[in-house]
Amino acid sequence: MTLAELRRASVRKGLRIRFPLSNGMECVINEHGIAQVPALRAAADFNLEEQVAQAQQFVVEPASSGQKHQPQPRRLSREQLAAFTAAPGAETAHAEDHDE
């Protein structure tokens with residue numbers, strides 16, 4: 001699973017996806033597909049794409065929508081996240097890249 005795939009899934013499903021980085025920080029991909037490292041105070045000395053490839057645990061939580069009974073955040077492995085974000089009947093990546 002790549003960073004682009006996680007960003008796409010977070011937008012489609014309205015989720016925030018969190019995962020730990022090797023330096024002890026955490027990356028958050030918000031419901032708009034923007035990847036952020038909140039604790040980062042200077043230029044990054046790591047490649048976020050490589051960090052995603054190394055991550056084995058993810059926390060998936062719904063974006064705050066003001067609902068009274070929101071589902072709780074879920075901790076998922078890489079395989080569970082891939083299955084969770086895969087939408088049945090979804091378009092292929094190739095079809096998504098082309099606008100007509």
Side-chain angles (χ1 to χ4, degrees):
M1 181 163 274
T2 66
L3 180 59
E5 291 169 339
L6 288 179
R7 293 176 64 193
R8 195 174 299 124
S10 69
V11 171
R12 280 191 187 145
K13 301 227 178 212
L15 301 171
R16 281 196 202 105
I17 302 172
R18 301 175 179 272
F19 61 93
L21 303 175
S22 61
N23 60 6
M25 293 183 193
E26 178 181 62
C27 179
V28 179
I29 302 172
N30 67 19
E31 64 274 17
H32 303 290
I34 299 171
Q36 301 171 324
V37 181
L40 193 63
R41 300 291 178 236
D45 60 348
F46 56 87
N47 181 312
L48 199 51
E49 190 69 50
E50 292 173 3
Q51 295 292 315
V52 170
Q54 294 174 2
Q56 295 301 314
Q57 291 292 315
F58 299 84
V59 175
V60 176
E61 59 189 51
S64 60
S65 61
Q67 294 177 349
K68 199 171 193 177
H69 301 287
Q70 283 195 16
Q72 294 296 315
R74 295 174 37 179
R75 186 171 300 274
L76 303 173
S77 69
R78 175 176 288 283
E79 294 78 23
Q80 290 171 322
L81 181 63
F84 178 75
T85 58
E91 304 155 7
T92 63
H94 177 71
E96 293 169 1
D97 291 340
H98 299 325
D99 291 331
E100 294 190 32

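Each salt bridge (charged side-chain N to carboxylate O under 4.0 Å, His left out) pair with one or both residues in residues 71-85, not counting sequence neighbours, would appear here, but there are none. Listed by first then second residue, pairs satisfying ring-ring contact (aromatic ring centres under 6.0 Å, His included) with a partner in residues 20-40 number zero, not counting sequence neighbours. Applying the salt bridge (charged side-chain N to carboxylate O under 4.0 Å, His left out) test to pairs two or more places apart or on separate chains, those with a residue in residues 31-47 are Arg16-Glu31. Every pair passing ring-ring contact (aromatic ring centres under 6.0 Å, His included) that includes a residue from residues 8-29 is listed here, sequence neighbours excluded: Phe19-Phe58.
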Can Gln51 and Cys27 be said to form a side-chain contact (heavy atoms from CB on, under 4.5 Å), step by step? CA-CA 9 Å; Gln51 295 292 315; Cys27 179; over 6 Å; no
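Legend: residues meeting side-chain contact (heavy atoms from CB on, under 4.5 Å) with Ala4, ordered by chain and number and at least two apart, are Thr2, Arg8. Under the side-chain contact (heavy atoms from CB on, under 4.5 Å) criterion, Pro62 pairs with Gln70, Pro71, sequence neighbours left out. Residues that satisfy the side-chain contact (heavy atoms from CB on, under 4.5 Å) test with Ala44, not counting sequence neighbours, are Leu40, Phe46. In terms of the side chain to side chain donor-acceptor pair (under 3.5 Å) criterion, residue partners of Glu26 (sequence neighbours excluded) are, by chain and number, Arg18. In terms of the salt bridge (charged side-chain N to carboxylate O under 4.0 Å, His left out) criterion, Arg7 has no residue partners (sequence neighbours excluded). Legend: residues meeting side chain to side chain donor-acceptor pair (under 3.5 Å) with Gln80, ordered by chain and number and at least two apart, are Ser77.
A single hydrophobic cluster is seen to contain both Phe84 and Ile29, as judged by linkage of ILVMFWY side chains at heavy-atom distances under 4.5 Å, directly or through other members.
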